[in-house]
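Note sheet for the following structure.
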Amino acid sequence: CVVEWNSSSRQIFGGSREEALGQIFGELAIPENYRHDHNRGVAKYAARPDLRVRFSRRDLVAMRRDGTTFPVEVTVWPIVTEDGVVFSSYIRDLSEMRELEGRLQQAFKMETLGQITGGIAHDFNNLLSVILGTADMLREAAENTPSQREGLDQIIKASELGSTLVRRLMAFARRQPLAPRNLDLNRIVAEMVPMLQQTVGERISIELVVHDGQLDAFADAAQFNTAVLNLAINVRD
């Protein structure tokens with residue numbers, strides 16, 4: 001039962017001192033799914049004086065007046081008076097600390113991801129170079145076979161797009177800025193149709209509907225191609 005509720009308590013939990021005094025602390029400041037353990041601990045403390053701990057410090061979850069929960073560090077110690085035992089608590093709001101820890105963990109993950117991405121992108125770029133070189137030679141050899149040349153043209157275009165995407169990944173790994181420029185969206189999307197058709201499969205047909213006249217955008221070409229490709233894959237799925 002709350003016998004004192006200072007200004008710091010009001011700042012952390014909300015509500016006035018008058019509203020808090022006399023209330024059961026577990027119902028006032030502890031989330032419902034934690035109350036059973038709290039009440040059991042209080043009952044155990046009261047029933048077994050020989051087990052009373054003079055000092056206790058734990059990381060717990062508390063509840064504000066509006067019902068939102070937040071992490072806290074709680075230090076509790078009992079004070080024996082003529083009227084019984086009073087628990088004095090020091091409660092520290094850990095919300096900002098937990099948020100900062102989360103940001104640091106995310107930064108570390110991004111650093112690791114950048115290193116992995118750079119290595120994979122470099123190796124994949126070497127494979128694409130082999131594919132492009134071989135496709136170019138086969139295209140020259142298929143001078144008199146239009147059907148083969150058409151297929152090889154699609155391989156070359158897809159490989160060139162892959163190289164652009166790999167450069168995008170390598171730029172991310174090195175934290176390099178994007179390279180936005182003026183893009184003719186009608187032309188870029190039209191050039192992507194053969195690759196998009198192969199990506200979504202034969203069961204799905206693609207109809208190209210372009211904007212009347214020139215339609216420009218200032219964007220990074222590789223990032224725009226990636227966005228369109230992802231949209232197509234999502235539609236297919």
Side-chain angles (χ1 to χ4, degrees), residues 1-120 168-169 171-178 219-220 223 226-227 230-231 233-234 237:
C1 184
V2 177
V3 296
E4 184 53 66
W5 198 250
N6 64 11
S7 60
S8 295
S9 299
R10 297 193 292 273
Q11 182 178 356
I12 291 178
F13 293 97
S16 65
R17 179 174 179 272
E18 290 71 21
E19 292 173 326
L21 293 181
Q23 290 201 42
I24 298 175
F25 181 77
E27 298 178 358
L28 177 68
I30 295 180
E32 186 174 357
N33 54 325
Y34 291 97
R35 289 176 193 168
H36 175 74
D37 291 338
H38 169 78
N39 294 334
R40 185 176 59 181
V42 172
K44 181 179 178 181
Y45 187 99
R48 294 287 305 274
D50 56 309
L51 297 179
R52 291 181 178 178
V53 180
R54 305 300 299 178
F55 179 86
S56 177
R57 178 176 176 178
R58 300 181 62 186
D59 286 353
L60 302 171
V61 178
M63 181 180 68
R64 304 187 198 277
R65 182 74 171 175
D66 60 5
T68 58
T69 59
F70 62 104
V72 294
E73 177 188 80
V74 180
T75 302
V76 180
W77 60 95
I79 301 174
V80 180
T81 69
E82 295 180 354
D83 299 325
V85 178
V86 177
F87 292 98
S88 180
S89 300
Y90 170 79
I91 300 175
R92 178 185 178 197
D93 188 346
L94 298 179
S95 300
E96 292 185 1
M97 180 180 293
R98 292 288 183 265
E99 182 179 357
L100 179 59
E101 290 175 350
R103 290 181 181 177
L104 290 174
Q105 291 177 358
Q106 183 65 21
F108 177 74
K109 290 179 182 178
M110 294 301 292
E111 177 73 21
T112 304
L113 179 61
Q115 294 175 357
I116 296 174
T117 301
I120 295 176
R168 172 77 177 86
L169 289 174
F172 162 74
R174 295 191 298 267
R175 292 185 176 82
Q176 292 181 351
L178 302 179
D220 180 273
Q223 192 175 45
T226 303
N230 285 335
L231 286 172
I233 293 174
N234 288 341
D237 293 343

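- A donor and an acceptor atom, one from each side chain of D83 and T81, are nowhere located under 3.5 Å apart.
- Applying the side-chain contact (heavy atoms from CB on, under 4.5 Å) test to A219 and every residue at least two apart in sequence or in another chain returns L183.
- Scanning for ring-ring contact (aromatic ring centres under 6.0 Å, His included) contacts around Y90 gives an empty result, with sequence neighbours left out.
- Using bins of under 30°, 30° to 60° and over 60° for the plane-to-plane angle, the ring pair F13/F25 lands in the perpendicular bin.
- Judged purely by atom type and a 3.5 angstrom limit, Q23 uses its side chain to pair as donor or acceptor with the backbone of E19.
- Proximity of a side-chain donor or acceptor of R17 to a complementary backbone N or O of S7 within less than 3.5 Å is not detected.
- Between R35 and M63, some side-chain heavy-atom pair lies under the 4.5 Å cut-off.
- Considering NE2 of H38 and NE2 of H36, their distance stands at 12.5 Å, rounded to 0.5 Å.
- R10 places a side-chain N or O within donor-acceptor distance of the main-chain N or O of W5, the cut-off being under 3.5 Å.
- Distance check, rounded to the nearest 0.5 Å: CD1 of I79 to CZ of F87 gives 10.5 Å.
- Side-chain contact of N6 with S8: a donor-acceptor pair under 3.5 Å is absent, judged by distance alone.
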### Message
If you apply the rule side-chain contact (heavy atoms from CB on, under 4.5 Å), what do you find for T69 with R64, and how did you get there?
### Response
CA-CA 6 Å; T69 59; R64 304 187 198 277; over 6 Å; no
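- Contact check for L21 versus V3: no side-chain heavy atoms found under the 4.5 Å cut-off.
- The line from NZ of K44 to CG of D37 is 11.5 Å long, rounded to the nearest 0.5 Å.
- To the nearest 0.5 Å, the span separating CD1 on I91 from CG on L60 amounts to 9.0 Å.
- Crowding of I24 atom CD1: a count of heavy atoms from other residues, nucleotides or ligands under 6.0 Å not exceeding 12.
- When side chains are defined from C-beta on, R92 does not count as touching T75, because their heavy atoms never get closer than 4.5 Å.
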